Amino acid sequence: QVQLVESGGGLVQAGGSLRLSCAASGYSFRSNAVAWYRQAPGKQRELIATITSGGSRNYIDSVKGRFTLSRDIAKNMVHLQIDSLKPEDTAVYYCRVPATMYWGPGTQVTVSS
């Protein structure tokens, strides 16, 4: 059974950084894709970044240059480094096995101005 768990969220001032992590059991990040989403208050959940099975990374325009995906194969984790945080980045962040029902429970990121 696949399980995903996010961690690393918190309260940070604008301009700060956070590193979110997604740990998986029953699913290997070595050669499989993963997607990150976020859901801001009152808004729909949106796809923000993906890393493909081949390691290619894709980001939506609003996070390009500030968000960076990486894989830790040894620990079977994926990290989302978020720099230059803005108040509009406030959301619950989720990792997901793409195109499946497997989501993590999410981690809250709150950015104060």
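All values derive from a computational prediction rather than experimental measurement. Computation of the quantities below employed the complete heavy-atom set of this structure, encompassing side-chain atoms and omitting hydrogens, waters and symmetry-equivalent molecules.
For the atom pair OH (Tyr27) and SG (Cys95), the distance works out to 10.0 Å, reported to the nearest 0.5 Å.
When all heavy atoms of Glu6 and Tyr94 are compared, the closest pair comes out as OE2-CA, 3.2 Å. Residues Ser53 and Ser31 approach most closely at CB-O, 3.2 Å, considering heavy atoms. Between Gly55 and Arg57, the shortest heavy-atom distance links the atoms O-NH1, 2.6 Å. For Asn32 against Arg71, the heavy-atom pair with the smallest separation is O-NH1, 4.1 Å. Considering every non-hydrogen atom in both Ser84 and Ser17, the closest pair reads N-OG, 4.3 Å.
Residues Val34 and Met77 do not share a hydrophobic cluster, clusters being chains of Ile/Leu/Val/Met/Phe/Trp/Tyr side chains in contact below 4.5 Å. In the hydrophobic clustering of this structure, Val78 groups with Tyr102; members are Ile, Leu, Val, Met, Phe, Trp, Tyr whose side-chain heavy atoms approach within less than 4.5 Å, directly or through other members. In the hydrophobic cluster analysis, where Ile, Leu, Val, Met, Phe, Trp and Tyr join through side-chain heavy atoms closer than 4.5 angstrom, Ile73 is grouped apart from Trp36. Under the 4.5 Å side-chain heavy-atom criterion for Ile, Leu, Val, Met, Phe, Trp and Tyr, Ile60 and Val92 are members of distinct hydrophobic clusters. Leu80 and Leu11 fall into different hydrophobic clusters, where Ile, Leu, Val, Met, Phe, Trp and Tyr residues are linked whenever their side-chain heavy atoms come under 4.5 Å apart, directly or through other members.
With a 4.5 Å cut-off on side-chain heavy atoms, Ile82 and Val63 do not count as touching. When side chains are defined from C-beta on, Leu18 counts as touching Leu85, because their heavy atoms get closer than 4.5 Å. The side-chain heavy atoms of Asp89 and Arg66, taken from C-beta on, include a pair separated by under 4.5 Å.
Using bins of under 30°, 30° to 60° and over 60° for the plane-to-plane angle, the ring pair Phe67/Tyr93 lands in the tilted bin.
Salt bridge Asp61/Lys64: present, at least one basic N to carboxylate O contact under 4.0 Å.
Gln108 places no side-chain N or O within donor-acceptor distance of the main-chain N or O of Gly9, the cut-off being under 3.5 Å. With hydrogens and angles disregarded, a donor-acceptor distance shorter than 3.5 Å links the side chain of Tyr59 to the backbone of Leu69. Looking at Arg38, its side chain never comes within 3.5 Å of a backbone N or O of Ile48 through a donor-acceptor pair.
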Side chains of residues 19-26: which donor-acceptor pairs under 3.5 Å do they make with residues two or more places apart or in other chains?
{"from": "Ser21", "atom 1": "OG", "to": "His79", "atom 2": "ND1", "distance (Å)": "2.8"}

